[in-house]
Amino acid sequence: MPELPEVETIKRDLEKEVVGRRITAVEGDWPKTVSEPEFAIFQKEVTGRKIKALKRRAKNLIISLDKEYLLVHFKMTGHMLVADAGELHKDHWAVKEASSPLADRVNQFIHLAFYLDNGKVMALSDLRKFARVSLVSKERLDTLLAHLGPEPLEDDFDLELFKKQLSGKKGYIKQILLQQEVVAGIGNIYADEILFDAKILPLRKVTDLSNIELKKIYKSIVKILSKAVDLRGTSTSDFRDAAGEKGKYTDIRKVYRRTGEPCLAGCGGVVQRVKISGRSAHYCPNCQK
DNA sequence: TGCAGTGTTGCTTC
DNA sequence: CGAAGCAACACTGC
């Protein structure tokens, strides 16, 4: 699931490959991938534009063109690949070379492709077709992103700001960490990993947490997300970087999708899973209080 | 075999 | 108003 570390990985990969390039053609086989404007107009408007810069805001990738912006949200299974245009079979949107990491099955679901003036292609692969791309003005971009809370890896995200974002919030800490208006960019994987690191049970009510516990959660947010960016994200299922490769945080995760396995802190406990407002939460009942 | 589970977000329903 | 449920999809695992 592309959360903050995964989108940041894609952003950094693309930065090296596509900035300064001009888009020579746009093709797609699933028009709904483009939210706005209508697909044919999008195709016409984006063709010929130059890519100026890349940004990430929460789980969104923002591609600045010489005019307007491409706003990309990967949702569940989307990721952006860069390949030689010749590597793609245009007929069925699949990658040709079996030796390449791009040949991985999850990279074979290409629904939108931006051909570049250096013979490469920036391609959105998305098994479940939930990802969305928009071409928007600066004003529209700001409107669409206005609800988002602070970026947890920015300098201004300190303990006081975290507490302020939580004030007035009710419900379980796990549920609150997933709310993008509270802290931007945390999803199910890192919410579980953060709470394990902070030794706090996901079913704790936010209003019951002590100052010491809030500080632990704050520190774990910064620590875990930074570590995950360093390791290029988590690939328990579909996430891949721009080269089609898996993220390495998968190997050091402590609880996410480890139900029934021994706690890696060596406490003798077994990782449990519960449903919290429709989402799974993984935790160690020994380590987390 | 078939159906629940997977998880992000926005929209609908209560 | 806010919380809960569901739809958007497709594949995996039981």
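The sequence lines fix the lettering, A, B, ..., with proteins before strands; numbering per chain opens at 1.
Through direct or indirect side-chain contacts shorter than 4.5 Å among Ile, Leu, Val, Met, Phe, Trp and Tyr, Phe130(A) is connected to Met76(A).
With sequence neighbours left out, Glu17(A) forms a salt bridge (charged side-chain N to carboxylate O under 4.0 Å, His left out) with Lys120(A).
Between Glu181(A) atom CD and dA3(C) atom C1' there is a gap of 13 Å when expressed in whole angstrom units. Distance, Asp238(A) CG to dG5(B) C1': 14 Å, rounded to whole Å. Atom NZ in Lys174(A) sits roughly 18 Å away from atom P in dA3(C) (whole-Å rounding). Atom-to-atom, CG of Asp192(A) to P of dT6(B) comes out at 11 Å; the value is rounded to the nearest Å. Residue Phe74(A) contributes atom CZ, which lies 16 Å from atom C1' of dG7(B) at whole-angstrom precision. Protein atom CG of Asn188(A) is 10 Å distant from nucleotide atom C1' of dT6(B), rounded to whole Å.
Outside the 6.0 Å centre-distance limit, the rings of Tyr190(A) and Tyr256(A) are not counted as a close aromatic pair.
Within 4.0 Å (heavy atoms only), Phe239(A) reaches no atom of the nucleic acid at all. Across all strands, Gly187(A) comes closer than 4.0 Å only to sugar-phosphate atoms, never to a base (heavy-atom distances). Backbone-only contact: Arg257(A) has heavy atoms under 4.0 Å from sugar-phosphate atoms and none from a base. Within 4.0 Å (heavy atoms only), Met76(A) reaches at least one base atom of the nucleic acid.
Residues Tyr69(A) and Lys138(A) have side chains in contact (heavy-atom distance under 4.5 Å, counting atoms from C-beta outward). Between Leu65(A) and Glu68(A), every side-chain heavy-atom pair lies at or beyond the 4.5 Å cut-off. By the 4.5 Å heavy-atom criterion applied to side chains, Val206(A) and Lys170(A) are not counted as neighbours.
Using a 4.0 Å cut-off, some side-chain N or O of Lys275(A) falls inside it from OP1 or OP2 of dT6(B). Residue Thr77(A) has no polar side-chain atom (N or O) positioned under 4.0 Å from OP1 or OP2 of dG7(B).
No side-chain N or O of Lys55(A) forms a donor-acceptor pair with one of Asn60(A) less than 3.5 Å apart.
Taking the six-membered ring where tryptophan is involved, the planes of Phe162(A) and Tyr218(A) are tilted, since the angle between them lies from 30° to 60°.
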- Could you encode protein contacts along nucleotides 9-14 of chain B as a string, one character per nucleotide from 5' to 3', using B for base contact, S for sugar-phosphate-only contact and - for no contact, with a heavy-atom cut-off of under 4.0 Å? S-----

- Query: Starting at the 5' end of DNA chain C, what dot-bracket string do you get if Watson-Crick and G-U pairs under 3.5 Å are bracketed, crossing pairs use [ ], other-strand pairs use | and unpaired bases use dots?
  - Reply: .|||||||.|||||

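Spacing between dC6(C) and dA4(B) at atom P, rounded to whole Å, works out to 12 Å. Nucleotides dT9(B) and dT12(C), compared at atom C1', are 23 Å apart to the nearest Å. Here the separation of dC14(C) from dG7(B), taken at their P atoms, is 15 Å to the nearest Å.
Within 6.0 Å of atom NZ in Lys216(A), more than 12 heavy atoms from other residues, nucleotides or ligands are found, so the atom counts as buried in its surroundings.
Asp241(A) contributes a side-chain N or O that, together with a main-chain N or O of Ala243(A), makes up a donor-acceptor pair within less than 3.5 Å.
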Considering only distance and modelled atom types, tabulate donor-acceptor pairs under 3.5 Å from the side chains of residues 147-155 of chain A, sequence neighbours left out.
residue   : atom : partner   : partner atom : Å
His147(A) : ND1  : Leu144(A) : O            : 3.4
Glu151(A) : OE1  : Arg56(A)  : NH1          : 2.9
Glu151(A) : OE1  : Arg56(A)  : NH2          : 3.0
Glu151(A) : OE2  : Arg57(A)  : NH1          : 2.9
Glu151(A) : OE2  : Ala58(A)  : N            : 2.5

Restricting to nitrogen or oxygen on both sides, can you table the protein-nucleotides 10-14 of chain C pairs closer than 3.5 Å?
residue : atom : partner   : partner atom : Å
dA10(C) : OP1  : Lys129(A) : NZ           : 2.3
dA10(C) : N1   : Arg128(A) : NH2          : 3.4

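Of all non-hydrogen atoms in Ala191(A) and Ile186(A), the two that sit nearest each other are N-CG2, 3.7 Å.
Along DNA chain C, the nucleotide nearest to Lys32(A) and the one nearest to Ser277(A) differ in position, and the one closer to the 5' end is contacted by Ser277(A).
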